[in-house]
Amino acid sequence: MTNPAPRATHDLLLRQLALFLREAEEILAAWDAYSDEHTDPDGWPHDERAYGYRQSRRDADTWRSFNRIRTGAKDLVATAEAQLQKLPERSVHPRWAWQISCLHIALDRLSTLQSEWLDLRTTLPVSARPGSEEYDGPLAERNAEAWHYLDEWSLHGHVVLDIHTAFRRCQSRPATAPVPLLPGRNANLAKPCR
């Protein structure tokens with residue numbers, strides 16, 4: 001695990017993550033609208049070529065949006081994990097650890113796909129430039145393989161923001177003596193933030 005990012009860098013990454021989540025939602029909504037309009041009731045595209053092109057554009061747009069946080073994603077997750085461990089049990093949602101695990105798995109796969117793409121790119125002929133099929137074809141394949149993992153980030157990435165918010169709330173509360181509870185009440189509710 002990497003060390004949690006310094007606060008200013010982390011705050012910037014959080015804003016970039018929020019932007020990715022918003023853009024990913026817009027990209028998916030546009031794709032769903034396109035797909036609904038350009039497929040028959042059984043889900044078969046009316047024009048396979050146009051449908052494939054539009055799907056490829058969805059994949060590329062989602063990758064491009066994620067790319068702004070890709071290099072800092074490991075730090076985002078590491079910081080969320082560190083914050084999660086410091087939260088009182090009553091502030092933790094049971095799904096958060098599972099969602100963090102999903103982000104780890106997706107990030108590992110995205111890193112592998114990016115590494116494979118960079119290796120492949122070094123083997124392409126000199127004539128293979130963006131805009132040529134020799135370049136764009138393998139890039140589209142990388143994006144298509146990555147889309148599922150990018151979608152995982154769009155589905156579960158908000159957990160990093162949720163944990164951050166819970167952690168900040170917990171930090172802003174004064175660490176006072178526990179509030180006395182009536183007998184039989186849940187004692188965890190009186191624990192101050194650590």
Side-chain angles (χ1 to χ4, degrees), residues 13-74 76-77 80-81 84 92-121 123-125 127-166:
L13 284 171
L14 289 172
R15 287 191 303 275
Q16 291 172 330
L17 173 61
L19 180 58
F20 162 72
L21 293 172
R22 188 171 48 255
E23 287 178 353
E25 186 177 330
E26 292 167 2
I27 292 165
L28 184 59
W31 165 252
D32 287 343
Y34 175 88
S35 185
D36 288 347
E37 187 177 325
H38 293 89
T39 56
D40 66 22
D42 294 327
W44 293 99
H46 300 304
D47 179 343
E48 286 186 36
R49 183 180 166 128
Y51 190 85
Y53 170 77
R54 183 59 183 82
Q55 188 173 31
S56 181
R57 199 172 97 208
R58 173 205 66 185
D59 301 344
D61 290 347
T62 307
W63 180 274
R64 193 173 303 109
S65 181
F66 182 76
N67 212 32
R68 75 172 48 92
I69 63 166
R70 187 176 52 80
T71 58
K74 197 170 243 181
L76 278 171
V77 174
E81 285 177 318
L84 187 58
V92 175
H93 289 277
R95 70 181 185 278
W96 284 355
W98 171 76
Q99 288 176 298
I100 290 289
S101 174
C102 289
L103 295 179
H104 270 298
I105 291 166
L107 187 58
D108 287 346
R109 191 64 189 126
L110 289 167
S111 295
T112 299
L113 289 168
Q114 177 64 1
S115 181
E116 290 171 355
W117 160 246
L118 293 175
D119 289 345
L120 175 65
R121 204 169 68 178
T123 67
L124 294 176
S127 61
R129 298 272 182 236
S132 71
E133 182 53 38
E134 292 171 305
Y135 185 94
D136 291 349
L139 180 60
E141 287 177 28
R142 190 273 320 258
N143 293 341
E145 288 183 52
W147 192 82
H148 168 75
Y149 305 104
L150 296 169
D151 192 46
E152 286 288 294
W153 264 84
S154 73
L155 291 171
H156 302 298
H158 65 83
V159 72
V160 172
L161 301 173
D162 294 345
I163 291 170
H164 179 76
T165 299

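- For Asp61 and Arg64, the salt-bridge test passes: some basic side-chain N is under 4.0 Å from an acidic carboxylate O.
- Summarising the geometry, atom CG belonging to Leu28 is positioned 5.5 Å from atom CH2 belonging to Trp147; distances are rounded to the nearest 0.5 Å.
- We find that Glu37 and Arg54 are not joined by a salt bridge, their nearest charged nitrogen and carboxylate oxygen being 4.0 Å or further apart.
- With rounding to the nearest 0.5 Å, the separation of CG in Leu150 from CG in Leu107 is 10.5 Å.
- Between Glu134 and Arg129, the closest side-chain pair of non-hydrogen atoms is not below 4.5 Å.
- Here the side chains of Tyr34 and Arg58 are not in contact, with every heavy-atom distance at 4.5 Å or above.
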Next item on the list: Kindly indicate, with the supporting measurements, whether the criterion side-chain contact (heavy atoms from CB on, under 4.5 Å) is fulfilled by Tyr53 and Arg57.
Entry: CA-CA 6 Å; Tyr53 170 77; Arg57 199 172 97 208; 4.2 Å; yes

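- With His158 contributing its side chain and Leu155 its backbone, the two residues share a donor-acceptor pair below 3.5 Å.
- The side chain to side chain contact (heavy atoms under 4.5 Å, CB included) test with Leu17 is passed by exactly one of Leu19, Leu13, Leu21: Leu21.
- Using a 4.5 Å cut-off on side-chain heavy atoms (C-beta onward), Glu23 and Arg68 make contact.
- At a threshold of 4.5 Å between non-hydrogen side-chain atoms, the residues Ser35 and Tyr51 count as touching.
- Contact annotation: the side chain of Arg109 approaches that of Thr112 to within less than 4.5 Å [non-hydrogen atoms, C-beta and beyond].
- When all heavy atoms are compared, the tightest approach of Pro130 to Tyr135 is CA-CD2, 3.5 Å.
- Ser115 places no side-chain N or O within 3.5 Å of a backbone atom of Ser111 that could act as its donor or acceptor partner.
- Of the possible polar contacts, none joining the Ser65 side chain to the Thr62 backbone as a donor-acceptor pair under 3.5 Å is found.
- No side-chain heavy atom of Tyr149 sits under 4.5 Å from any side-chain heavy atom of Asp108.
- Atom CG of Leu110 sits about 11.0 Å away from atom CD of Glu145, to the nearest 0.5 Å.
- Environment of CD in Glu25: sparse, with no more than 12 heavy atoms of neighbouring residues, nucleotides or ligands closer than 6.0 Å.
- The backbone N or O of Gly52 sits nowhere less than 3.5 Å from a side-chain atom of Ser56 that would complete a donor-acceptor pair.
- Residues Asp59 and Trp31 are not in side-chain contact: their nearest non-hydrogen atoms beyond the backbone lie 4.5 Å or more apart.
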Notebook entry, point to check: Stepwise, does the side-chain contact (heavy atoms from CB on, under 4.5 Å) test hold for Glu152 with Leu103?
Noted result: CA-CA 7 Å; Glu152 286 288 294; Leu103 295 179; 5.8 Å; no

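- Formation of a donor-acceptor pair under 3.5 Å by the Asp40 side chain with backbone atoms of Asp42 is found in this model.
- A 4.5 Å side-chain heavy-atom check between Asp162 and His93 finds every atom pair outside the cut-off.
- The CD atom of Gln16 sits 8.0 Å away from atom CD1 of Ile69, with the distance rounded to the nearest 0.5 Å.
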Check: Can His156 and Arg95 be said to form a side-chain contact (heavy atoms from CB on, under 4.5 Å), step by step?
Finding: CA-CA 10 Å; His156 302 298; Arg95 70 181 185 278; over 6 Å; no

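- Contact between Ser132 and Ser127 at its shortest, heavy atoms only, is OG-O, 4.0 Å.
- Rounded to the nearest 0.5 Å, atoms CZ (Arg121) and CG (Leu124) are 8.5 Å apart.
- Ring to ring, Phe20 and Trp153 are not that close: their centroids are 6.0 angstrom or more apart.
- With values rounded to the nearest 0.5 angstrom, Leu113 atom CG is found 12.0 Å from Leu120 atom CG.
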Item checked: Candidate pair Trp117 and Asn143, rule side-chain contact (heavy atoms from CB on, under 4.5 Å), full reasoning -> CA-CA 10 Å; Trp117 160 246; Asn143 293 341; over 6 Å; no

